[in-house]
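Note sheet for the following structure.
For ligands, and for the atoms within them, numbers begin at 1 and follow the listed sequence. Just the heavy atoms: all of them, side chains too, but no hydrogens, waters or symmetry mates, feed the values below.
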Amino acid sequence: MWRQHPLRDSYDVVIVGAGVHGLSTAYYLAKQGVTDVAVLDKGYVGGGASARSTAIVRANYLTVEGIPFFRESLKLYESLALELDFNIMFNQTGRLDVGHAESTVYALRQRVELNKLLGVDSRLVGPEEIKELVPVIDLRQDKHLPVMAALYHPPAGTVRHDAVVWGYARGADGLGVEIHPFTGVTGVLRAGDRVTGVETAKGPVRAGTVVSATAGWSSIISGMAGVELPIVTYPLQAFVTEPLKPFMDKVISSGNLHVYIYQTDRGELVIGGPVDHYPTYSHRSTLNMLEELARFAVELVPSLRDVKVMRQWTGICDMTPDYAPIMGEVDGVRGFVLNAGWGTWGFKAAPIAGKSIAALVATGKTPDLIEPFGLFRFAEDRLVNERAAAIAAALH
Ligand SMILES: Cc1cc2nc3c(=O)[nH]c(=O)nc-3n(C[C@H](O)[C@H](O)[C@H](O)COP(=O)(O)OP(=O)(O)OC[C@H]3O[C@@H](n4cnc5c(N)ncnc54)[C@H](O)[C@@H]3O)c2cc1C
């Protein structure tokens, strides 16, 4: 899939983090002709949040900055298998965000209208159509939180997370990029206002540009460069059930019940929700979260009550105050580029984020699409508030 190389002491670009973002950045950089690139990871390729992602892809966000950005990523996903000549198993069967309260339905309607204006296929559907799309949802109206309406987003779907990572890694390798797993970065080298490389367990590596694509570890790597980030790292858990015959081909999510559910090609149900209540770098899964998610899933789809749980896992997420990513150069620190703030929503963004950051590194110009997401926005009070499109389960 990708070759092994001895680590050299200098590259044009060093990317820290061989997750989906680091590898997609490397791939698009090489496509732009920048091939003297090393991707370094402290662990195995794609072993961070990318290995743990439930990999839902969608574009039905809320802001005028976020919607076009995620729309372009969705478009890239539609042709990614062809681009990488690798089956990423994009199952584009649609998603329903259900609302159980007047205020939620109001917020869903707002997203629908903005989505339509910005070219994203979304519409509000009522209980009758919900029943047709996902017959197993509990639509009884005499319960505590009845399903009132849903935002239906037909182009949403799921991808096979490992396949996307491996496809980008193989593609980047084929174009001349070096991938170095088990090569942890222990320091960032600086000369005045310029980052000049990284320190690793295998020795120092000089670089014209260092890109940090380290998601849950972003604050640590940025701290090594003397850059403070408004990111707090939280665990995010998910689990799968035993396989069942296919009965549900849509992703369903409830922002009021804090849960999302979809069925994989193997028949397992993938169930997840919001981040843990407390920030930590721990990857431990908890019974408490399993119980909570299972309870909410059964509330939405009561027929799941006797289904057995097979596996539960946890990854860590780099949460930003406005639930939007942080991309681009850092004022006052030349040669250091951030690809961070991916929280619980970053897998779907990897193609366009990688492509845009590659364009920035290759040309020195920040593409318009990612300009609003710079670190400067926190100092200038220009937040991109995606929180309403990311409340609890709708985070994904
Ligand atoms: C349970 C779960 C479900 C999710 N579901 C979805 C979803 O449905 N849709 C969606 O869009 N997103 C989802 N996400 C979020 C998404 O998975 C992440 O945002 C995305 O994978 C981040 O990719 P990345 O490449 O930036 O980070 P990662 O994949 O975490 O890669 C960062 C890499 O940096 C490496 N690293 C860290 N420190 C160092 C160091 N000092 N030196 C060298 N390397 C280092 C790590 O080893 C790691 O491999 C989910 C996340 C989790 C945990």
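- Of all atoms in ligand 1, listed by their number and element, those nearer than 4.0 Å to a heavy atom of Lys348 are 9 (N), 10 (C), 11 (O).
- Ionic pairing of Glu178 and Arg8 is present here: one or more N-O contacts between side-chain nitrogen and carboxylate oxygen are shorter than 4.0 angstrom.
- Between Cys317 and ligand 1, a contact under 3.5 Å exists for no N or O pair.
- If you number the atoms of ligand 1 from 1 as listed, the ones under 4.0 Å from a heavy atom of Trp217 come out as 30 (O), 37 (C), 38 (N), 46 (C), 48 (C).
- Salt bridge annotation for Asp97-Arg111: present, with a cationic side-chain nitrogen under 4.0 angstrom from a carboxylate oxygen.
- Residue Leu124 shares its hydrophobic cluster (ILVMFWY side chains chained together at separations under 4.5 Å) with Val105, Leu108, Val112, Met148, Leu151.
- Each of the following atoms of ligand 1 lies closer than 4.0 Å to a heavy atom of Gly315: 53 (C).
- Close contacts between ligand 1 and Trp342 involve ligand atoms 19 (O), 26 (O) [criterion: under 4.0 Å to a heavy atom].
- At least one N or O atom of Val185, backbone or side chain, sits closer than 3.5 Å to an N or O atom of ligand 1.
- Within 6.0 Å of CD on Gln141 lie more than 12 heavy atoms contributed by other residues, nucleotides or ligands.
- No more than 12 heavy atoms of other residues, nucleotides or ligands sit less than 6.0 Å from atom CD of Gln4.
- Checked by distance only, ligand 1 and Thr54 come closer than 3.5 Å through their nitrogen or oxygen atoms.
- Polar contact with ligand 1: absent for Trp313 (N/O pair, distance under 3.5 Å).
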**Request:** Could you walk me through whether Tyr28 and Tyr168 pass the ring-ring contact (aromatic ring centres under 6.0 Å, His included) test, one step at a time?
**Result:** CA-CA 9 Å; Tyr28 292 109; Tyr168 273 128; 5.7 Å; yes

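- At least one cation-pi condition fails for Arg382 and Phe378: the charged atom is not both under 6.0 angstrom from the six-membered ring centre and inside a 45 degree cone around its axis.
- A salt bridge between Lys143 and Glu299 is present, with a side-chain N of the basic residue lying under 4.0 Å from a carboxylate O of the acidic one.
- Summarising the contacts of atom 6 (C) of ligand 1 with Ser285, Ser53, Ala51, the nearest heavy atom is found in Ser53.
- Remark: ligand 1 atoms within the under-4.0 Å shell around heavy atoms of Ile221 are 40 (C), 41 (N).
- A donor-acceptor pair shorter than 3.5 Å cannot be found between the side chains of Thr280 and Tyr234.
- The shortest N or O to N or O distance between Ser50 and ligand 1 is under 3.5 Å.
- The closest heavy-atom contact to atom 32 (C) of ligand 1, among the options Pro181, Gly48, Ala213, comes from Ala213.
- Checking only distances, Gly346 does come within under 3.5 Å of ligand 1, N or O to N or O.
- The shortest N or O to N or O distance between Phe347 and ligand 1 is under 3.5 Å.
- In terms of polar-atom proximity, Thr183 is not counted as a contact of ligand 1, lacking any N or O under 3.5 Å from an N or O of the ligand.
- Between Thr344 and ligand 1, at least one N/O pair is under 3.5 Å apart.
- Counting non-hydrogen atoms of neighbouring residues, nucleotides and ligands closer than 6.0 angstrom, the CZ atom of Arg3 exceeds 12 such neighbours.
- Among the atoms of Gln237, none of the N or O lies under 3.5 angstrom from an N or O of ligand 1.
- Closest heavy-atom approach to atom 51 (C) of ligand 1 within the set Val159, Leu236, Thr25, Val270: this belongs to Leu236.
- For ligand 1, the atoms sitting less than 4.0 Å from at least one non-hydrogen atom of Ala55 are 5 (N), 6 (C), 7 (C), 8 (O), numbered in the order shown with element in parentheses.
- Residues Lys75 and Glu72 are paired through a salt bridge, judged by an N-O separation under 4.0 Å between the basic side chain and the carboxylate.
- If you number the atoms of ligand 1 from 1 as listed, the ones under 4.0 Å from a heavy atom of Gly343 come out as 15 (C), 19 (O).
- Thr183 meets the side-chain hydrogen bond (donor to acceptor under 3.5 Å, both in side chains) test with Lys202; sequence neighbours excluded.
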